[in-house]
Each structure stands twice: as structure tokens, then as C-alpha cells.
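A quick write-up on the structure given underneath.
The structure displayed is predicted, hence computed values, not measured ones.
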Amino acid sequence: MSSFRAFAEGMTDVLVLGAGLTGLSCAMLLARDGHQVTVLDRDLACPTPGKEWEEWDRPGVTQFRLAHIMLPRWHAVMSLELPSVLDRVAAAGGQPFNFAGSLPPVPSDDRFQTITARRPILEAALAAEAAETPGVTLRRGVAVTGLVTQGDRVAGVRLGDGDKILAELVVDCGGRRSALSSWLFEAGLPAPAEERADAGFVYYMRHYRGDRPEPRGPLLQHHDSLSILTLPGDTDTWSVGFVTSVRDKPLRALRNPAAWEAALARYPLAAHWAEGTPLTGVEAMGGLVDQWRTVTTPGVVAVGDAACCTNPSLGRGATMGLLHARLLRDVLRAGLPTSFADHTATEIGPWYEATVWFDRHRIAEIDADATGTPYEPNDPQWTGARAMYAAACTGNAEALRAQLAIACMLPDAPDLQVPDTGIRYPLPGATRTELLSTLAAA
Ligand SMILES: Cc1cc2nc3c(=O)[nH]c(=O)nc-3n(C[C@H](O)[C@H](O)[C@H](O)COP(=O)(O)OP(=O)(O)OC[C@H]3O[C@@H](n4cnc5c(N)ncnc54)[C@H](O)[C@@H]3O)c2cc1C
């Protein structure tokens with residue numbers, strides 16, 4: 001039987017490299033289509049189920065204990081494809097959250113619904129469901145160190161202990177630091193075409209526990225020279241922090257918890273998110289990349305961050321990974337594995353480009369703020385996006401819903417234009433000068 005027919009009939013052996021958010025979702029989607037799927041991850045399982053936040057060591061995912069939110073599009077796809085994962089997240093303390101919750105509700109606001117939980121809780125729910133999915137074998141503590149090849153195609157992987165595992169398809173879900181390019185190079189096969197740039201952002205985030213705050217503004221609040229992220233979590237937890245430029249030396253003071261708290265207090269719609277018991281100090285993370293890899297070698301594909309990774313302030317990574325995993329399922333279902341790179345470019349490419357477009361403007365704007373220079377690029381789309389954000393923040397419900405549809409990655413976002421009033425970011429909060437004097441005094 002040809003491989004193509006085998007894919008279409010769901011009889012292949014698939015090796016998924018990486019048991020992160022994408023790898024686990026991908027494994028379940030493929031196994032439910034009849035494939036035999038083995039998932040490998042070098043990190044061990046959590047030693048005490050139920051203590052994932054406290055005890056799960058995940059060196060393979062550096063952002064494991066940083067703020068995460070799953071967008072409504074992720075929730076919608078999960079509800080359709082893997083609803084039992086959502087049941088598990090809810091049973092572990094996941095909380096329903098509607099992005100349009102500040103508006104008088106209308107029935108179509110269901111599309112803004114999601115469930116919130118800290119990343120270790122989310123990943124544990126996915127892992128538990130994967131472990132019970134017929135056709136999925138989950139092996140942890142197994143490091144992949146290279147590829148097995150057969151002619152010009154990938155036929156399996158090599159493990160750290162010298163073993164090999166053969167498969168009809170290797171799915172690289174190894175995250176943004178995946179070594180696939182160097183493995184292909186070592187094997188004498190063409191390395192993927194790669195586009196990669198430092199996004200330039202740095203995050204200063206904390207987790208809290210207590211009486212969960214009600215949002216008083218958007219979850220992503222833009223201000224002079226920084227943005228503030230406020231993300232509800234599971235049960236009685238949440239995370240809050242600053243997103244700014246890695247080049248902004250004065251704002252590195254935000255690493256200091258006292259300075260961080262003094263700074264947050266200067267933003268009235270976010271300050272109450274610090275009214276709880278801190279679960280962490282200030283976690284700083286930079287070095288984030290926008291990265292796109294086009295893998296065309298037969299026998300291997302890349303999915304999720306391994307293929308397409310963006311700066312996370314729009315919170316799109318897991319949703320793009322899930323959409324990408326579902327696309328692979330659909331392409332295999334049609335028996336067309338060799339066209340996956342083309343389908344990726346068509347289906348996932350526009351999300352990547354839109355996210356990178358936003359990021360590049362926003363980081364340039366933040367950098368300009370730090371030097372006191374007005375940011376005025378010649379891009380009417382950016383002017384329109386800022387006008388929409390300003391309208392959404394100042395009581396225009398139609399603009400807010402349109403803006404949320406884009407933010408939530410919904411497929412049917414209306415193409416609404418609002419007049420530019422020249423107001424940039426209307427939310428109350430410190431100017432840069434005020435922020436710097438607050439940091440100096442803290
Ligand atoms: C600070 C920060 C905040 C973020 N916030 C959000 C958010 O709010 N919402 C959102 O949707 N996304 C967010 N993201 C992005 C999100 O974390 C990623 O998109 C997501 O983790 C990608 O999942 P993945 O499964 O593709 O890769 P990963 O989660 O990186 O998983 C890769 C897995 O592969 C394993 N692995 C790698 N190499 C090997 C090997 N050689 N052998 C064996 N195993 C290997 C690793 O151990 C790991 O388990 C954030 C990212 C950062 C950095």
C-alpha cells in the first residue's frame with residue numbers, strides 16, 4: 001500500500017516529537033483519525049499528579065510558569081475536536097471567561113468564551129487526556145538527538161541512548177528551539193528555509209492568588225512605552241505584568257518586586273490585579289523570536305512553535321499550534337502529506353504575518369516612546385488599528401466587539417473602520433516621565 005493511501009486510511013505510524021501544548025493536541029487529533037501515534041518528550045512527567053504548578057520540572061519549555069491565556073478560537077476548536085480536554089481543565093480549576101464580559105451580553109458573545117488556567121494546569125489536562133486516548137503512546141524522559149533517513153526522506157529518529165524509532169511520518173512539535181534544521185543538515189538533507197528575528201520584547205510578570213480581580217479594562221492595556229497584561233488563571237489565581245522593549249534599560253528596574261508594585265499602582269485599570277498573595281517574584285523573559293520554518297523534506301513536518309512562532313503578547317501561540325495540528329490531521333486525511341508546507345503557508349501564514357506586523361509596529365512604537373519621539377509610520381492600517389483600539393477602550397461597543405474578534409483569532413472578524421481621532425492610547429495611567437520617577441523612588 002502506498003504511504004499516501006495509508007495516510008488517508010489512518011493506518012500510519014506517526015512519531016510526534018514534543019509533548020507540549022501542540023504535540024499533545026496533534027497526537028490526539030491524529031490518533032482519533034486512526035493513526036498509531038508515539039509522542040516523545042525529554043522532560044519527565046510531574047512527580048505528583050495535581051501538583052503541576054508546584055512540582056513539574058519542564059526545562060524543555062522555558063515559559064512553562066509564565067502567563068498564558070487560551071484564546072476563544074482555541075476554546076472553540078477544542079470544544080469541537082477535543083471537548084474532554086476542556087472538561088479536564090474545568091475539573092482542575094479552569095474558570096470560564098468571556099472576553100466581551102464588560103459589555104451588556106448578546107447571544108453571539110458566546111464566540112468570545114474561553115477557559116482560563118495556568119499553563120501547567122492546562123498542559124496536565126492535555127497530557128492526561130492524551131494518555132487515555134487509544135492509539136497514543138506517551139514516552140517521557142526520551143531525548144531525540146537526530147534523524148534516521150532513507151534516501152532523501154526522513155524515516156525516524158535517533159534517541160540519546162543510541163536507539164532508533166522508525167515511523168512513516170515524524171512530526172516535529174519540539175517548540176521554538178527545535179533542532180530539526182541542524183538534524184536535517186547533519187543528515188545531508190536540505191535544511192528548512194527559515195526566517196527568524198528577535199521580536200525585541202521583554203516580559204516582567206508575576207502570578208498571584210486570592211479573590212480573582214474583575215477586569216476593569218482590556219486584558220492587554222497599551223500605554224506610553226509599555227503594555228500591561230492581566231490574565232485570569234485557574235481557581236483563585238491570575239497573572240499580571242509589563243511588556244516592554246528589551247532595549248529599555250531604565251525599565252529593567254521592573255525586575256525588582258517593590259519597583260514593579262509601585263509601577264503597577266500607577267495604572268488605575270490594572271493596579272487592583274496586585275491585590276493578592278504573590279505566587280512568584282517578578283519573572284523576566286526576553287529573547288523571544290518571530291520565526292517561520294518551511295519544511296519540505298519528505299517524511300517530516302513541523303507543527304506549532306517548531307514551524308511558526310511569534311512574540312506572545314497577543315497570546316496566539318497555542319491557538320496557532322492547535323489550528324496547525326488540525327490542518328495536519330486534515331491534510332493526512334486527504335492523503336496529501338507532501339503538500340503540508342503549502343497548506344501551512346496558506347492557512348497559518350496569514351496569522352503569522354498579521355502577528356509579526358503588529359509586533360514590529362508595537363515594538364518600534366515602544367522604542368520611540370522611550371526616546372520621546374512620536375511614532376508615525378506611513379501605514380494607514382496601523383493608524384486604523386490604533387483608532388479601533390482607542391474606540392474600543394472608550395465605550396464604542398461595536399469597535400470593541402470587532403477588535404475582540406481579531407484579538408480572539410475568530411475567523412469572521414468584521415472589517416470595521418472607525419475614524420481616527422488622533423487619540424493614541426486613552427487608558428488612564430502614568431506617562432513615561434511619571435513612570436521613571438516612580439521607579440526611581442521605589
Ligand atoms: C512568555 C511567554 C508567554 C506566552 N503566553 C502565551 C499565551 O498567553 N497564549 C498562547 O497561546 N501562547 C503563549 N505563549 C506561546 C506558547 O507558550 C507556545 O506557542 C506553545 O508553548 C507552543 O507549544 P509547542 O507544543 O509547539 O511547543 P513547546 O510548548 O515549546 O513544547 C515543545 C516540547 O518539545 C520537547 N522537546 C524539544 N526538543 C526535544 C528533543 N530533542 N527531544 C525530546 N523532546 C524535545 C520539549 O521538552 C517540550 O515539551 C507564550 C510564550 C512565552 C514565551
Side-chain angles (χ1 to χ4, degrees), residues 62-69 118-119 197-210 213 215-233 237-290 311-315 358-375 424-442:
T62 44
Q63 70 271 30
F64 193 60
R65 284 189 178 72
L66 285 168
H68 276 73
I69 189 152
R118 288 166 294 173
R119 160 110 192 211
D198 191 321
F201 291 92
V202 62
Y203 291 72
Y204 299 101
M205 300 295 298
R206 299 186 85 171
H207 278 81
Y208 279 86
R209 164 163 279 152
R216 293 180 191 158
L219 296 189
L220 180 59
Q221 301 178 14
H222 299 306
H223 294 278
D224 187 1
S225 79
L226 53 73
S227 302
I228 299 176
L229 262 177
T230 56
L231 300 184
T237 67
W238 67 90
S239 50
V240 51
F242 298 96
V243 186
T244 186
S245 169
V246 78
R247 291 172 281 274
D248 194 332
K249 290 188 182 157
L251 294 200
R252 291 182 192 163
L254 291 168
R255 285 168 185 270
N256 172 340
W260 185 97
E261 278 171 22
L264 195 71
R266 301 301 308 264
Y267 299 90
L269 302 185
H272 65 298
W273 287 79
E275 288 168 11
T277 307
L279 286 176
T280 60
V282 178
E283 310 278 352
M285 184 162 185
L288 300 159
V289 291
D290 295 317
N311 159 63
S313 48
L314 299 183
F358 172 84
D359 282 345
R360 296 211 171 135
H361 273 301
R362 182 63 186 136
I363 196 67
E365 183 173 60
I366 286 175
D367 282 335
D369 285 352
T371 59
T373 321
Y375 181 63
R424 196 171 68 136
Y425 296 125
L427 301 175
T431 61
R432 180 166 179 88
T433 311
E434 290 163 345
L435 174 63
L436 293 184
S437 52
T438 301
L439 291 174

Original post:
Which pair of heavy atoms, one from Ala67 and one from His207, lies closest together, and at what distance?
Top reply: N-CE1, 3.8 Å

**OP:** Answer yes or no: is there a donor N or O on one side and an acceptor on the other, between the side chain of Thr244 and the main chain of Ser225, under 3.5 Å?
**Re:** yes

Original post:
Taking it one step at a time, do Arg65 and Glu283 satisfy side chain to side chain contact (heavy atoms under 4.5 Å, CB included)?
Top reply: CA-CA 9 Å; Arg65 284 189 178 72; Glu283 310 278 352; 5.8 Å; no

Subject >> Trp260 and Phe242 aromatic ring geometry - parallel, tilted or perpendicular at 30°/60° bounds >> reply: perpendicular

**OP:** Look only at the side chain of Asp290 and the backbone of Asn311, and say whether a donor-acceptor pair between them is shorter than 3.5 Å.
**Re:** yes

Subject >> Rounded distance (nearest 0.5 Å) linking atom CH2 of Trp273 with atom CD of Gln221 >> reply: 9.0 Å

**OP:** Starting from the C-alpha separation in whole Å, work towards a yes-or-no answer on side chain to side chain contact (heavy atoms under 4.5 Å, CB included) for Leu435 and His223.
**Re:** CA-CA 11 Å; Leu435 174 63; His223 294 278; over 6 Å; no

Original post:
How far apart are the closest heavy atoms of Ala265 and Ala271, and which atoms are they?
Top reply: CA-CB, 3.9 Å

Original post:
If you take all heavy atoms of Thr230 and Ala270, which pair is closest and at what distance?
Top reply: CG2-CB, 4.3 Å

**OP:** Taking His68 for its side chain and Leu66 for its backbone only, find out whether a donor-acceptor pair lies under 3.5 Å.
**Re:** yes

Original post:
What's the spacing between Tyr203 OH and Met285 CE if we round to 0.5 Å?
Top reply: 9.5 Å

**OP:** Applying side chain to side chain contact (heavy atoms under 4.5 Å, CB included), run through Met205 and Leu229 and close with a yes or a no.
**Re:** CA-CA 8 Å; Met205 300 295 298; Leu229 262 177; 4.1 Å; yes

Original post:
Looking at Ala442 and Ala262, what are the two nearest heavy atoms and their distance?
Top reply: CB-CB, 4.0 Å

**OP:** Would you please test Arg362 and Ser227 for side-chain hydrogen bond (donor to acceptor under 3.5 Å, both in side chains) and show each step?
**Re:** CA-CA 10 Å; Arg362 182 63 186 136; Ser227 302; 3.1 Å; yes

Original post:
Sub-3.5 Å donor-acceptor pair from the side chain of Arg206 to the main-chain atoms of Thr280, do we have one?
Top reply: yes

**OP:** With side chain to side chain contact (heavy atoms under 4.5 Å, CB included) as the test, would you mind laying out the steps for Leu226 and Ile366 before giving the verdict?
**Re:** CA-CA 6 Å; Leu226 53 73; Ile366 286 175; 5.6 Å; no

**OP:** For the pair Glu261 (side chain) and Ala258 (backbone), establish whether a donor and an acceptor sit closer than 3.5 Å, ignoring hydrogens and angles.
**Re:** no

Original post:
Could you walk me through whether Tyr204 and Asn256 pass the side-chain hydrogen bond (donor to acceptor under 3.5 Å, both in side chains) check?
Top reply: CA-CA 10 Å; Tyr204 299 101; Asn256 172 340; over 6 Å; no

Original post:
Side-chain contact, heavy-atom cut-off 4.5 Å: Pro218 with Leu427?
Top reply: yes

Subject >> Approximate separation, where rounding is to 0.5 Å, of Leu314 CG and Ile69 CD1 >> reply: 12.5 Å

**OP:** Compare every heavy atom of Leu288 with every heavy atom of Phe201, then report the nearest pair and how far apart it is.
**Re:** O-CD1, 4.3 Å

Original post:
Between Glu365 and His222, is any pair of side-chain heavy atoms under 4.5 Å apart?
Top reply: no

Original post:
So which heavy atom on Pro232 is nearest to which on Trp238, and how close?
Top reply: CA-CB, 4.0 Å

Subject >> Passing candidate, side chain to side chain donor-acceptor pair (under 3.5 Å) with Arg432, options Thr371, Asp248, Asp224 >> reply: Asp248

**OP:** Check Leu231, Leu219, Leu264 against Val240 for a side-chain contact (heavy atoms from CB on, under 4.5 Å) and give me the one that passes.
**Re:** Leu264

**OP:** Enter the distance from Tyr208:OH to Thr277:OG1 here, rounded to the nearest 0.5 Å.
**Re:** 9.5 Å

